[in-house]
Number of protein chains: 2
Amino acid sequence: MGQDRDTRSGIANKRVTMAAVGRMAGVSQVTVSRALSDPSKVSADTLRRIREAIEATGFVPNAIAGALASNKSRLVTALIPSITNVVYSTFVRSFSEHMRSAGYQILLSETGFDPADEEALIAAHLSRRPDAMLLTGIQHSAQARRLLLGAGIPVVEVWDLTSSPIDLCVGFSHSDAGRAVAEFAHHKGYTQAATVTAADERAHRRRSAFAARFEALGGQRVARADIDGPARLGEGRTALRRLLDEKVFARGVIFCSSDLLAHGILIEAQIRGIRIPGDIAVIGFGDQDYAADVHPALTTVRVDRDALGQRAAEHLLARLENNDTPDPVTDLGFEVVQRDSC
Amino acid sequence: MGQDRDTRSGIANKRVTMAAVGRMAGVSQVTVSRALSDPSKVSADTLRRIREAIEATGFVPNAIAGALASNKSRLVTALIPSITNVVYSTFVRSFSEHMRSAGYQILLSETGFDPADEEALIAAHLSRRPDAMLLTGIQHSAQARRLLLGAGIPVVEVWDLTSSPIDLCVGFSHSDAGRAVAEFAHHKGYTQAATVTAADERAHRRRSAFAARFEALGGQRVARADIDGPARLGEGRTALRRLLDEKVFARGVIFCSSDLLAHGILIEAQIRGIRIPGDIAVIGFGDQDYAADVHPALTTVRVDRDALGQRAAEHLLARLENNDTPDPVTDLGFEVVQRDSC
DNA sequence: TTGTAGGCGTTATCAG
DNA sequence: CTGATAACGCCTACAA
């Protein structure tokens, strides 16, 4: 209670500095700094005394001061559309781990659905003077690009492809993915199709490419059910209901913008006694953890998120550490994974 | 290509400082600082010139220098077990949004499964001199506690309850939750039960409390299926299979440590023609987005993650901004949500 | 309303 | 191997 607070205040000893550690170890502040950054430059005995002093005082270096002095923050900021979307969070984990093992910490923020917010977020992140920055997607305001360029740090745009990245780009083509799915469906003999798409620009690009190719290959006009807001299981169920009730679609294949929506369709179909893939076939997107475990197992599009995070990290690190120039844009592709739902 | 890189290097103008902005606007650096932190302390005309200069130069304040000078980083760090687990990420989103609207940014890291890593992570985070820190859970090494105490910043531990928090604690009792589920099951007339539990200390505490209470209420010995590693849909399916095959359980209620596992059980049961809740009843944990949309709709335990994030933020802010002392520990409780699976 | 001076805790650069 | 000393870019007094 109050007691606790008092105790804490008492303990809130003024922060221990290198100078204090040095005093205790009988050396100057600079020597402490050296002992920490390159122990080999300090005599064994001094090193020992410094380590003891650090242990005794509970010294934790002040990275803020270090960053200011060295002009290196060892901080990398990342902007993703949503942290609760597993697609992005698994990718970010991979990215983080690779950056962390190179000594960088990640400052993560959600950009959400409003692209207008991104600019302010970028500025806020830039004020922390990150050594590099990761952005999701390739659509950024002119002012955002200016800020980024002005910062003079490596920037990697992920999850999409462009011929004119701000700096680096690692991703895959959403149009290609849509087309690949259309071709897959066509080869499986489907001539009727529908799409269920969440409110996401990249998802819509996949949908458009899918529909265009499917129709070009002789398929009938592709029905569509669009969702506003993020994908949820219930939205998948609703979408199937709408498609069926509005009689715009009765048989064929449904291409969803995410595995979650596809899963919703599986559930709704099961309840209605619609057989999958007998009556209706379903294709998801993302190849989530659970895609192989739902029933029937979901045919979907796999994007290697771990590889994506790794490559993004590697390219950034190449810029940061070595002085070599990685390829500005790298296409990691995707893969249609056939299972039972189509 | 190389061209791009050259361009970037060219543009990487040495960082614009407040002094530079001031020079351009015909005022001193301090005035620029004031114009930014409290525009009312600067004359309208000066303000205009400064704003023009900022616009023209693309100046972005250096939060590093600001933090060093003011001894306030406006940074709050958060440690969660996993970012890909929606339970934590939704909570963190709520926390982040509340902190952000108060002007704080969040530095997020995953602690993962190895509690030994936590200590190093805490130290790494502390080196950024956060103004406050959020920790998941109440189990921290003695050294970790020392570090935290020594930092002299507000700390909030979430997702659990303890009578001796490091500083603040906002959460709920996992034992209480387990017991509440046992009572719920008992009132529904079940006398046989099993648990499916992921490798998580808190989940196991819920399980123990559930089993103890269930048996105390006259139920038969509770069967168990434990999973090592994180919860996945497939693990839920496997668990049901194991429970059935090993003949340790055939009818009754299954309490899962997460909705995901429960969902796996639903799927496996459907495939095997086991009726839910006719033959077997299922109770999840977490009340995820999809819990109401699976079939049958999942009975589960709801934890108000948004409220949790909000309260954690509020209590931290109380320490940070006002000088009043929030209650050291606040129990936000939980709620058994009855739907169709039990 | 504006400016000057000093300092925040490091790292970089020279000396010794 | 160790130590002065000068930045780093801003904020907090205190003055004008």
Side-chain angles (χ1 to χ4, degrees), chain A residues 13-50 53-54 57-75 103 126-131 150-152, chain B residues 13-51 53-54 57-75 103 124 126-131 150-152:
Chain A
N13 44 5
K14 46 189 68 59
R15 195 129 288 69
V16 182
T17 66
M18 282 188 176
V21 171
R23 236 171 283 130
M24 177 174 267
V27 294
S28 79
Q29 172 267 130
V30 203
T31 305
V32 178
S33 173
R34 268 198 283 263
L36 257 23
S37 59
D38 186 356
S40 74
K41 305 185 105 179
V42 164
S43 81
D45 188 54
T46 308
L47 191 55
R48 186 184 47 70
R49 291 198 325 271
I50 290 178
I54 288 178
T57 53
F59 169 72
V60 175
N62 186 331
I64 301 240
L68 184 61
S70 66
N71 198 28
K72 285 174 189 310
S73 62
R74 308 242 76 174
L75 198 71
L126 248 22
S127 78
R128 301 275 172 195
R129 293 296 184 267
D131 290 341
Chain B
N13 42 7
K14 45 189 68 60
R15 194 126 292 69
V16 182
T17 66
M18 281 188 177
V21 171
R23 236 171 284 130
M24 178 175 266
V27 294
S28 79
Q29 173 267 127
V30 208
T31 305
V32 177
S33 171
R34 269 198 282 263
L36 255 26
S37 59
D38 185 357
S40 73
K41 304 183 105 180
V42 165
S43 80
D45 189 54
T46 308
L47 191 55
R48 185 183 47 70
R49 292 197 326 271
I50 290 178
R51 292 210 164 125
I54 288 178
T57 53
F59 169 71
V60 175
N62 185 330
I64 301 240
L68 184 61
S70 67
N71 198 29
K72 287 173 189 307
S73 62
R74 308 242 73 171
L75 197 71
L126 248 22
S127 78
R128 300 276 171 195
R129 294 295 186 266
D131 290 341

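A note on names: the letters A, B, ... follow the listed sequences, proteins ahead of strands, and every chain is numbered from 1. Keep in mind it's a predicted model, so treat the numbers as computed, not measured.
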List, one per line, each side-chain donor-acceptor pair under 3.5 Å for residues 35-43 of chain B, sequence neighbours excluded.
{"unit_1": "B:S37", "atom_1": "OG", "unit_2": "B:S33", "atom_2": "O", "d": "3.1"}
{"unit_1": "B:D38", "atom_1": "OD1", "unit_2": "B:S40", "atom_2": "N", "d": "3.3"}
{"unit_1": "B:D38", "atom_1": "OD1", "unit_2": "B:S40", "atom_2": "OG", "d": "2.8"}
{"unit_1": "B:S43", "atom_1": "OG", "unit_2": "B:T46", "atom_2": "N", "d": "3.2"}
{"unit_1": "B:S43", "atom_1": "OG", "unit_2": "B:T46", "atom_2": "OG1", "d": "2.7"}

For A:R49, enumerate each residue passing the side-chain hydrogen bond (donor to acceptor under 3.5 Å, both in side chains) test, keeping only those at least two apart in sequence or located in another chain. A:D45
Looking only at heavy atoms, what is the nearest atom pair of B:S73 and A:I64, with distance? CB-CD1, 4.2 Å
Could you tell me which residues satisfy side-chain hydrogen bond (donor to acceptor under 3.5 Å, both in side chains) with A:N62, sequence neighbours excluded, listed by chain and number? none
Can you name the residues that form a side-chain hydrogen bond (donor to acceptor under 3.5 Å, both in side chains) with A:R74, not counting sequence neighbours? A:Y104
When rounded to the nearest 0.5 Å, the distance separating CZ of A:R34 from CD1 of A:I50 is 9.5 Å
Can you tell me if B:R129 uses its side chain to pair, donor with acceptor, with the backbone of B:K72 under 3.5 Å? no
Heavy atoms under 4.0 Å is the rule here; annotate nucleotides 5-16 of chain D 5' to 3' with B where the base is hit, S where only the sugar-phosphate is, and - elsewhere. B--BBBBB----
At what angle, to 10 degrees, do the two end axes of the helix from C:dT1-D:dA16 to C:dG16-D:dC1 meet, given five pairs define each axis? 30°
So, is A:T31 close to the D:dG3 phosphate, meaning a side-chain N or O under 4.0 Å from OP1 or OP2? yes
Which residues pass the salt bridge (charged side-chain N to carboxylate O under 4.0 Å, His left out) test with B:R128, not counting sequence neighbours? none
Under 3.5 Å, which donor-acceptor pairs do the side chains of residues 18-32 of chain A form with other protein atoms, sequence neighbours left out?
{"unit_1": "A:S28", "atom_1": "OG", "unit_2": "A:V30", "atom_2": "N", "d": "3.4"}
{"unit_1": "A:S28", "atom_1": "OG", "unit_2": "A:T31", "atom_2": "OG1", "d": "3.4"}

Chain A contact limits on DNA chain C, taken 5' to 3' with a cut-off of 4.0 angstrom to heavy atoms: C:dG9 to C:dA12
